[in-house]
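Note: hydrogens, waters and symmetry copies are ignored here, and every other heavy atom, side chains too, is used. Nothing here was measured: the structure is a model prediction, and the numbers come from that model. Chain naming here is simple, since letters A, B, ... match the order of the sequence lines and numbering starts at 1 in each.
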Amino acid sequence: MSFTLATWNINSVRLREPIVLKLLQEEAPDILCLQECKSPVEKIPFEGFAALGYTHMIARGQKGYNGVAILSKLPIRDVGDKDFALLGHARHVAGALENGVVIHNFYVPAGGDVPDREVNVKFGQKLDYLTEMRDWFRAERPQKSILVGDLNIAPREDDVWSHKQLLKVVSHTPVEVEHLNNAQEAGGWTDVTRADIPDGQLYSWWSYRAKDWDAADKGRRLDHIWASDDIKSAAHSSRIIRAARGWEKPSDHAPVFATFDL
DNA sequence: ATGGTTGCGAGGCAA
């Protein structure tokens with residue numbers, strides 16, 4: 001069987017229902033993982049998605065902040081969530097397809113502005129969150145698993161518009177990259193996007209604050225698709241739908257896609 | 001070094 005998977009930080013699923021529907025109609029992924037839904041689960045506009053064939057939804061929500069959801073054309077079973085670093089936030093949910101493949105949808109904490117846990121509690125929480133992910137993967141050793149989401153870190157030099165200028169900017173500091181790499185290695189995860197597209201600058205997020213995001217192109221690759229070692233060779237056709245960043249009332253993130261033949 | 005924009009929800013906080 002083959003299925004296409006997408007991940008998108010939507011920055012309010014209710015405000016952006018129209019562009020979610022546009023993506024579902026134009027690109028028709030089998031599964032769409034959303035982050036930053038900013039909505040209680042019962043207020044997610046599920047009916048609109050269901051009308052396009054996405055009749056399965058697994059979600060965790062809270063009022064105003066965070067929130068993750070998995071929309072699927074394929075039957076998918078809720079297999080729970082983890083509250084890493086005990087933040088009490090809706091930042092993770094997992095679902096299992098009928099073929100046994102588990103999909104983890106993550107929204108890693110952004111970490112605030114100052115990359116120093118002594119003066120910025122949020123930065124410490126981000127590092128702790130990543131450390132607890134590492135410990136969990138070390139204990140569980142994920143198999144037949146896919147991890148997607150807004151990990152809020154651009155790990156490679158070519159994942160940001162200027163490595164040098166972002167070394168002290170939260171999302172690209174060496175300590176964050178080390179924590180992310182440790183989590184990735186502990187789970188034996190392969191970065192599917194970079195396995196498919198190994199060369200060149202690659203971004204999935206552009207700030208709202210830039211005057212002309214497209215021309216300035218000061219992006220970062222914060223959104224990721226990983227596969228466990230046993231299914232890494234099944235992944236192909238990775239792509240980022242950059243055009244979605246320019247749609248009406250856009251999210252500041254663009255959706256990331258991959259296809260799996262399993 | 002600062003400010004730049006957006007969403008939620010009604011003043012800041014978070015991103």
Problem - Contact letters for nucleotides 7-15 of chain B, in which S counts primed atoms plus P, OP1 and OP2 and B counts the base, heavy atoms under 4.0 Å - result: SSS----SB

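Partners of A:Asp214 under the salt bridge (Lys or Arg N to Asp or Glu O under 4.0 Å) rule, at least two apart in sequence or in another chain, are A:Arg242. Every residue meeting the side chain to side chain donor-acceptor pair (under 3.5 Å) condition with A:Asn105, not counting sequence neighbours, appears here in chain and number order: A:Gln35. Residues that satisfy the salt bridge (Lys or Arg N to Asp or Glu O under 4.0 Å) test with A:Asp159, not counting sequence neighbours, are A:Arg194, A:Arg221. Qualifying salt bridge (Lys or Arg N to Asp or Glu O under 4.0 Å) partners for A:Arg156, counting only residues two or more places apart in sequence or in other chains: A:Asp158. Evaluation of the salt bridge (Lys or Arg N to Asp or Glu O under 4.0 Å) rule for A:Asp30 yields no partner, not counting sequence neighbours.
Pairs passing the side-chain hydrogen bond (donor to acceptor under 3.5 Å, both in side chains) check and including a residue from residues 38-50 of chain A, sequence neighbours excluded, read A:Asn11-A:Lys38, A:Arg14-A:Ser39. Each salt bridge (charged side-chain N to carboxylate O under 4.0 Å, His left out) pair with one or both residues in residues 80-106 of chain A, not counting sequence neighbours, appears once here: A:Arg60-A:Asp81.
Between the CH2 atom of A:Trp205 and the P atom of B:dT5 there is a distance of 14 Å, given to the nearest Å.
Between A:Thr259 and A:Thr4, the side chains place a donor N or O and an acceptor N or O closer than 3.5 Å (distance only, hydrogens not considered).
Comparing B:dG11 with B:dA1, their C1' atoms are spaced 26 Å from each other, to the whole Å. When the C1' atom is used for both B:dG9 and B:dA15, the distance is 16 Å, rounded to whole Å. Spacing of P atoms, B:dT6 relative to B:dT2, comes out at 23 Å, to the nearest Å.
Proximity of residues 169-177 of chain A to DNA chain B (heavy atom under 4.0 angstrom from any strand atom) is not detected for any residue.
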